[in-house]
Number of protein chains: 2
Amino acid sequence: MARLTDGAASVGLVEPRLAHYGQPITLQCKATLPCFDLVYETYGELNAARSNAVLICHALSGDHHAAGYHSVDDAKPGWWENCIGPGKPIDTAKFFVVALNNLGGCNGSTGPLSLNPATGEPWGESFPAVTVKDWVMTQAMLADTLGIDRFAAVIGGSLGGMQALQWAIDYPRRLAHAVVIAAAPKLSAQNIAFNEIARQAIQADPDFLGGRYFEAATKPRKGLMLARMVGHVTYLSDDGMGVKFGRELKSGDLRSAQDVQFQVESYLHYQGTAFSERFDANTYLLMTRALDYFDPALECGGDLVKAFSNVAARFLVLSFTSDWRFAPERSDEIVDALIAARKDVVSATIEARNGHDSFLLPNERYFDVLGGYLDSVAQREASA
Amino acid sequence: MARLTDGAASVGLVEPRLAHYGQPITLQCKATLPCFDLVYETYGELNAARSNAVLICHALSGDHHAAGYHSVDDAKPGWWENCIGPGKPIDTAKFFVVALNNLGGCNGSTGPLSLNPATGEPWGESFPAVTVKDWVMTQAMLADTLGIDRFAAVIGGSLGGMQALQWAIDYPRRLAHAVVIAAAPKLSAQNIAFNEIARQAIQADPDFLGGRYFEAATKPRKGLMLARMVGHVTYLSDDGMGVKFGRELKSGDLRSAQDVQFQVESYLHYQGTAFSERFDANTYLLMTRALDYFDPALECGGDLVKAFSNVAARFLVLSFTSDWRFAPERSDEIVDALIAARKDVVSATIEARNGHDSFLLPNERYFDVLGGYLDSVAQREASA
């Protein structure tokens with residue numbers, strides 16, 4: 001089953017919607033948010049039994065715009081267009097797909113750029129720390145709003161996969177399947193160190209202004225660019241970068257130490273600069289902190305098997321050979337703990353050379369495994 | 001043969017010396033330096049035949065102070081104290097050890113902090129680009145000054161190993177052995193990308209002032225700290241960091257996104273801050289550029305075997321299992337090319353968990369292999 005059909009249909013024009021929650025919620029950090037909004041999109045149709053909904057959880061820099069186009073002039077579709085749509089692995093002909101921007105985000109949901117009702121000023125750096133557990137709780141509130149009692153699947157890659165994992169632990173009866181892609185049960189010291197470098201780069205930028213940059217109508221562009229460059233290098237594999245850039249010089253001569261010279265450098269500059277324009281620095285700090293804190297086994301004294309004891313969902317766990325940020329061994333930890341907890345799990349390690357980024361890129365075996373698994377989910381739900 | 005004896009003797013008090021070169025030299029970038037100084041130290045005694053000298057080439061942030069103490073109050077000895085001294089792997093009872101600060105450095109040799117005779121001002125960012133080839137050329141000039149026609153061995157780790165490699169290519173008759181530790185025949189795109197992030201961090205610091213920070217009596221401390229943090233994370237292995245720091249929190253609670261929280265973060269801050277005080281930013285830019293440019297096969301159309309065709313030195317090539325910056329496979333490339341060029345090479349991959357940093361740390365098998373090899377070098381030179 002070749003799912004890499006270039007001409008595959010898109011979900012087409014889509015429109016973000018806003019869900020408003022007027023009641024205060026208490027976050028894991030004990031702070032209270034008086035109210036909040038979640039921006040989301042849906043693709044496909046919810047069936048009469050309301051049993052075909054799947055939730056897409058985004059990673060560090062993602063948002064609710066996972067597929068389709070916002071206007072006919074859009075240069076780019078949603079971030080997972082290659083995977084979500086009619087006939088695609090996450091098949092909108094079968095599933096009602098829900099994608100949202102997480103709490104604390106910067107693309108429409110309540111976050112550091114939003115006004116704090118208590119002050120009338122943007123929250124900025126004072127926005128409370130949010131965790132994966134908080135995201136899952138607010139995603140469950142969105143499910144209530146949409147009349148979805150139980151998701152056929154909760155799906156995510158990287159930080160998104162951690163949300164799928166947390167869903168299975170926190171709401172065992174509200175999802176049938178958890179699809180955990182390129183994730184880990186918790187970050188390693190190295191992962192945390194790279195995140196900390198990114199945070200330091202942002203905070204060291206003089207335009208960060210202690211997180212109140214918006215008051216001066218500026219933003220820490222250089223810091224965000226550096227943060228993204230660090231992220232980018234760790235998302236890609238050494239081999240993948242070699243294939244893409246080799247050691248090609250942009251200029252063949254020795255120049256002074258301040259010039260851009262290798263292709264890979266100019267690519268990273270470009271990517272970093274584009275990111276710094278579209279992303280909010282306080283959100284980046286908050287998202288990387290949520291990543292660092294994620295450790296669902298902590299409440300069970302570090303015992304992941306015990307953390308999984310009440311899980312009822314079936315799992316698909318996928319990893320990629322060249323991913324060194326969340327290596328296949330980290331996925332194995334999840335799989336091993338699920339097996340030890342006597343849960344139902346299918347797993348695969350996909351041969352791919354694009355490192356951690358592989359979870360976002362088309363790959364025949366990846367799409368066959370994911371699409372095949374979700375086909376069986378659809379059949380199971382239809383016959384339930 | 002256990003060489004890890006805690007009570008092993010030190011070379012004791014040592015004094016740096018300065019060699020001045022008053023004639024202009026032309027660098028690989030075609031720029032001319034009107035004159036320059038090299039600061040160096042020596043340990044042990046040069047024998048009557050002048051045949052027992054070994055040259056130590058330093059890595060990115062090293063210098064001429066490789067062993068011993070500058071005063072009785074010194075808190076720390078030279079950077080390779082565990083490896084150089086009487087009875088140590090680089091045995092000063094057998095060898096006359098020469099260590100220098102490379103051209104472009106910031107610890108006494110001519111570099112960006114030195115005055116440009118043409119302007120009377122520090123060179124700063126206008127110091128010409130230097131390459132590994134330039135370093136080897138100036139090291140050969142230092143050998144002339146010391147009356148050393150031929151080194152028994154040229155030894156270096158990381159960027160230092162690249163210098164040993166270049167020595168064997170450029171001066172085949174001036175060294176008997178090349179000891180290349182934790183190196184690579186050239187950098188990968190990923191290596192270059194990490195260096196570029198470090199450079200961007202320095203240049204984005206408002207105190208960098210286009211490289212003229214010294215005129216304002218300041219320095220880009222935050223940029224240098226970030227650069228060092230990036231370096232540090234890539235020098236260590238994921239496992240090694242895990243063992244050292246795990247995910248230990250400095251504070252157990254969720255705090256705001258701006259606090260230092262994990263042990264690993266506070267370690268990196270400390271290391272980065274200390275480095276930013278002792279190292280010059282322009283030198284860091286220049287050293288990383290030299291690393292990026294290193295590619296001795298380039299002149300031979302990318303054919304490393306051909307680049308080695310005139311090599312006469314015997315090689316010892318060492319790598320470390322957990323080193324992902326210059327992985328054992330990169331050392332294998334050197335070994336394979338030497339074998340294909342029908343050269344004499346001994347190699348070993350040392351089981352070690354400290355990543356690239358392993359080349360600086362005591363390790364029984366590492367010291368046995370290195371010490372054993374150098375013992376045979378000493379015997380060979382004595383019987384020659």
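Worth saying up front: this structure is predicted, and the values here are computed from it rather than measured. The sequence lines fix the lettering, A, B, ..., with proteins before strands; numbering per chain opens at 1.
- From L226(A), atom CG reaches atom CZ of R199(B) across 12.5 Å, with rounding to the nearest 0.5 Å.
- Your options are A204(A), G272(A), G240(A), P128(A), and the one with the most heavy-atom pairs under 4.5 Å with chain B is A204(A).
- Among A31(B), A201(B), A290(B), the residue making the largest number of heavy-atom pairs under 4.5 Å with chain A is A201(B).
- Here H269(B) contributes atom NE2 and Q200(A) contributes atom CD; the two are 3.5 Å apart, rounded to the nearest 0.5 Å.
- For R353(A), the CZ atom counts as loosely surrounded, since its 6.0 Å shell holds 12 or fewer non-hydrogen atoms of other residues, nucleotides or ligands.
- What you find for P206(B) and P206(A) is that their closest heavy atoms are CG-CG, 3.3 Å.
- Counting non-hydrogen atoms of other residues, nucleotides and ligands closer than 6.0 Å to CD of E299(B) gives a total of 12 or fewer.
- Heavy-atom distances place no part of T288(B) under 4.5 Å from chain A, backbone and side chain included.
- Aromatic ring orientation, F194(B) versus W324(A): perpendicular (interplanar angle above 60°, classes split at 30° and 60°).
- For chain B, no part of S126(A) is nearby; none of its heavy atoms comes within less than 4.5 Å.
- With contacts defined as side-chain heavy-atom distances shorter than 4.5 Å, the pair Q190(A)/L236(B) does not qualify.
- By number of non-hydrogen pairs under 4.5 angstrom with chain A, the leading residue of K222(B), M241(B), M225(B) is M241(B).
- For a residue to count as touching a neighbouring chain, one of its non-hydrogen atoms must lie under 4.5 Å from one of that chain's; by this rule L268(A) touches chain B with the side chain only.
- Of the two parts of D292(A), the backbone and the side chain both hold a non-hydrogen atom closer than 4.5 Å to a non-hydrogen atom of chain B.
- Chosen from D205(B), N195(B), V264(B), the residue pairing most often with chain A at heavy-atom distances under 4.5 Å is V264(B).
- Both the backbone and the side chain of K186(B) have a heavy atom closer than 4.5 Å to some heavy atom of chain A.
- Using a 4.5 Å heavy-atom threshold, the side chains of E196(B) and V233(A) count as separate.
- Taken from CD in E329(A) to CG in D238(B), the straight-line distance is 10.0 Å, to the nearest 0.5 Å.
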